[in-house]
Number of protein chains: 2
Amino acid sequence: MEDTSQRIVAAATRVFGRAGVSGATTREIAREAKVNEVTLFRYFKTKDDLLREVILHSCRRYEYVFSDAPCETAEDVRHTVEAYAKVYLRKMRDNEEFIRTFFGELTRHLKLCRRLFVESTRLVRRRFIDYLLLAQKRGLIRKDLDITTTADALTGMLMAGILRRPLTDPEYSNTRFSKTCLNLFLKGIEP
Amino acid sequence: MEDTSQRIVAAATRVFGRAGVSGATTREIAREAKVNEVTLFRYFKTKDDLLREVILHSCRRYEYVFSDAPCETAEDVRHTVEAYAKVYLRKMRDNEEFIRTFFGELTRHLKLCRRLFVESTRLVRRRFIDYLLLAQKRGLIRKDLDITTTADALTGMLMAGILRRPLTDPEYSNTRFSKTCLNLFLKGIEP
DNA sequence: CACTCATGCAAGTATGTACTTGCATGGAAG
DNA sequence: CTTCCATGCAAGTACATACTTGCATGAGTG
């Protein structure tokens, strides 16, 4: 059934996320999905097949389209950047453990991870860059900035905040961190 | 001999880095260290013991002391920030694969990874924050900035650049990315 | 020479894990 | 009722891996 397959993929996503790729066992995934281990192998020939499916499925969750936003005033830019950051942060936080794990696996599963990280965010990244370019052309952003790396700098800051979350003290406020990132970024791009 | 033990730790660092903790085998580590697998176990009772030693040893490499830098002009601040970024980047790049792997293992070996990531950079981070605080008091940095998260934003940007390196296109320039980060940051903290 | 000590080597144990096979069952559809 | 078909269950295979044991060797030291 379709349902069973989805349950297995969902369970695998969780188990891969918390145990790592080689650390995750098909037995545990099956248990988490509440199916027999044999059933798992009926749906997915090998563990790598399952991994592949997990990654491909996780891509889809990121397909967020950056809606056209006004770009007339500095205020517009601020709102758009903030909206972008908000979406990005939520998507990342939803898959926090999974993302962290696959960063670790990055060099080992380069192609798949490229799909996961790059292709899944390509659309929204592209739109964000285009927006910043437009804003730059209209004089709302410094002319001397390289926009591509500028956009990546923002996402980098936010991502780093998520990734290192388990390391921070309990009293360390992540919302304050995100605010500072936005604050720095918005001031940093001002003409 | 001391030499043998060190060779094993060094080899383990490399193998853990490229294969992950559960992916790394004692056999491969031994081969990489050019010792018999039995010798490995004579020095380290278990694989986890070895992992522990690897992490503790890697901490030491980070013990960089931020030398006292002038803090009189905006130019001083720029130089200091750039110097900090440079050191940070080099340290990260030296241990790139290792760091990436252990980010993935973060939730699984929280205590050890906390040592690796947090404690090893605590000193230099503390000094950097103190420097920024001083600069802020002297009016060289905006008064409304929360300095702790500001410092972390910079390191976050730089770290993200390193971590996602294998994902970027060959023509993507990482030095340009780092430059943009510094550019944004320095403009972002201006009064 | 005799002794120690670090290491190598061959072999083995115990366990875990990916993956298979064969059969039973139970519910849905014709 | 019969026929599929998805799934469960028991058992097993093949292999890798962490870790052990016992012995040989060879270099350095008294």
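Lettering follows sequence order; numbering is per chain, from 1. Just so it is clear, the model here is predicted, and its values are computed rather than measured.
Here the C1' atom of nucleotide D:dA6 and the CZ atom of A:R7 are 12 Å apart, to the nearest Å. Atom-to-atom, CZ of B:F41 to P of C:dG8 comes out at 14 Å; the value is rounded to the nearest Å.
If A:T25 and B:T39 are placed on DNA chain C by their nearest nucleotide, the residue sitting closer to the 5' end is B:T39. Of the residues near DNA chain D, B:V38 and B:R27, the one whose nearest nucleotide (by heavy atom distance) lies more toward the 5' end is B:R27.
If you check every strand for non-hydrogen atoms under 4.0 Å, A:A24 touches sugar and phosphate atoms only.
A distance below 6.0 Å separates the ring centres of B:F128 and B:Y84.
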Between A:Y172 and B:T148, is a side chain to side chain contact (heavy atoms under 4.5 Å, CB included) present by the stated rule, with each step listed?
CA-CA 10 Å; A:Y172 192 93; B:T148 302; 4.2 Å; yes
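Connection of B:Y88 to B:F103 is established within a shared hydrophobic cluster, with ILVMFWY side chains joined at heavy-atom distances below 4.5 Å, either directly or through further cluster members.
A sub-4.0 Å separation between OP1 or OP2 of C:dT7 and a side-chain N or O of B:T4 is present.
Between B:R100 and B:E97 there is no salt bridge, since no side-chain nitrogen of the basic residue lies less than 4.0 Å from a carboxylate oxygen of the acidic one.
Relative to the side chain of B:R42, the nucleotides D:dC19, C:dC9, C:dA18 differ in distance, and C:dC9 lies closest. Of the candidate nucleotides D:dA6, C:dG8, C:dA6, C:dA6 has the atom lying nearest to any side-chain atom of B:Y43.
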